[in-house]
Amino acid sequence: MNSEQISLVQSSFEDVRPIADVASELFYARLFVLDPSLRPLFKGNMVEQGRMLMSMLSSAVGGLTRLDTLAPVLRNLGARHVAYGVRDEHYATVGSALLWTLEQGLESKFTPAVREAWSLAYTLLSSAMQQGAQEANVTESA
C-alpha cells in the first residue's frame with residue numbers, strides 16, 4: 001500500500017466511527033447471509049462482538065503506517081482465531097462482508113479509489129492473520 005491508499009483508508013474509517021454500532025450490525029448480518037455456517041463461531045453478545053470488531057479495525061487502520069509493529073499483533077490474532085474455528089476460506093467471506101459494509105455506511109464516499117485502498121488493506125491485514133494461523137497450526141501439529 002502506498003501512503004495515499006493508507007490515507008484513504010484512515011480518513012474513510014473516520015467517517016465510519018460515528019456509525020460504528022450500525023456498521024458492526026450490518027457487517028455481521030451480511031457475514032451470516034454470505035456464510036450461515038459462520039454463525040455458531042460467535043457465541044457471545046453480538047453488540048460486544050461488534051465493539052471488539054470496531055476496536056480491532058481502529059487499531060489495524062491506525063497501524064497501517066507502522067506495519068513492523070502491527071504485523072506481529074495480527075499474526076497473534078490469527079493464531080488465536082484458529083481456536084475459534086476460523087479457517088482460511090473464511091477470510092475471503094469476511095473481506096466481502098467488510099467491503100459491503102463500508103459501501104453501505106460510506107455511501108457516495110465509498111469511491112472506487114477508497115474501495116481499492118480498503119481491498120488492499122484487508123488483503124494485507126488478513127494475510128498477516130493467516131500467516132499467524134498457519135504458524136499456530138504447524139506448532140500444534142509438531
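Going from atom OG of Ser59 over to atom CG of Leu64 covers 11.0 Å, rounded to the nearest 0.5 Å. Rounding to the nearest 0.5 Å gives a distance of 11.5 Å between NE2 of His90 and NE2 of His81. How far CE of Met129 is from CZ of Arg80: 8.5 Å, rounded to the nearest 0.5 Å. Note that CG of Leu74 and CD of Gln131 are 10.5 Å apart. Values are rounded to the nearest 0.5 Å. The structure places OG of Ser96 at 11.0 Å from CG of Asp35, a figure rounded to the nearest 0.5 Å. Atom CG of Leu106 and atom CD1 of Ile19 lie 6.5 Å apart (nearest 0.5 Å).
Ser24 contributes a side-chain N or O that, together with a main-chain N or O of Ala20, makes up a donor-acceptor pair within less than 3.5 Å. A donor-acceptor pair is defined here as one N or O able to donate and one able to accept, closer than 3.5 Å; such a pair exists between the side chain of Thr123 and the backbone of Ser119. Under the 3.5 Å distance criterion, the side-chain polar atoms of Arg66 are matched with a main-chain donor or acceptor of Gly62.
Contact annotation: the side chain of Asp88 approaches that of Gln130 to within less than 4.5 Å [non-hydrogen atoms, C-beta and beyond]. With a 4.5 Å cut-off on side-chain heavy atoms, Tyr28 and Leu31 count as touching. Annotation: side chain of Phe27 is not in contact with side chain of Trp100 (no heavy-atom distance under 4.5 Å). Using a 4.5 Å cut-off on side-chain heavy atoms (C-beta onward), Ser12 and Phe110 make no contact. The shortest side-chain heavy-atom distance between Arg17 and Ser58 falls under the 4.5 Å cut-off. For the pair Met1 and Val9, the minimum side-chain heavy-atom distance is below 4.5 Å. The shortest distance between side-chain heavy atoms of Gln10 and Thr65 falls below 4.5 Å. Two residues are said to be in side-chain contact when any heavy atoms from C-beta on lie closer than 4.5 Å; Tyr91 and Val86 meet this criterion.
Placement of Met56 and Leu70 within a single hydrophobic cluster is found when ILVMFWY residues are connected by side-chain heavy-atom separations under 4.5 Å, directly or transitively. A continuous path of hydrophobic side-chain contacts links Leu124 to Ile6 [ILVMFWY only; heavy atoms under 4.5 Å]. The hydrophobic clustering, which links ILVMFWY residues whose side-chain heavy atoms are closer than 4.5 Å, places Val82 and Leu38 apart. Note: the hydrophobic cluster containing Met52 does not contain Leu102 (ILVMFWY, side chain heavy atoms under 4.5 Å, direct or indirect links).
Nearest heavy-atom pair, Ala113 versus Leu8, reported as atom, atom and distance to 0.1 Å: O-CD1, 3.8 Å. Across all non-hydrogen atoms, the minimal contact from Ala133 to Gly78 is CB-O, 3.7 Å. In this structure, Thr69 and Val73 approach most closely via the heavy-atom pair O-CG2, 3.6 Å. In terms of heavy-atom proximity, Val16 sits nearest to Met54 at CG1-SD, 4.4 Å. The two atoms that bring Ala71 and Ala128 nearest to each other are O-CB, 4.4 Å, heavy atoms only.
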Tyr84 and Leu41: CA distance, side-chain angles, deciding distance, side-chain contact (heavy atoms from CB on, under 4.5 Å) verdict: CA-CA 6 Å; Tyr84 306 143; Leu41 299 182; 5.6 Å; no
Stepwise side-chain contact (heavy atoms from CB on, under 4.5 Å) check, Leu34 with Arg30: CA-CA 6 Å; Leu34 293 173; Arg30 182 65 175 174; 4.0 Å; yes
Worked check of side-chain contact (heavy atoms from CB on, under 4.5 Å) between Arg115 and Glu103: CA-CA 8 Å; Arg115 173 184 284 281; Glu103 182 176 21; 3.2 Å; yes
Full working for side-chain contact (heavy atoms from CB on, under 4.5 Å) between Tyr122 and Leu99: CA-CA 9 Å; Tyr122 181 74; Leu99 291 175; 5.9 Å; no
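Taking the six-membered ring for Trp and the full ring otherwise, the centers of Phe32 and Phe42 sit less than 6.0 Å from each other.
Glu48 CD: more than 12 foreign heavy atoms inside a 6.0 Å radius.
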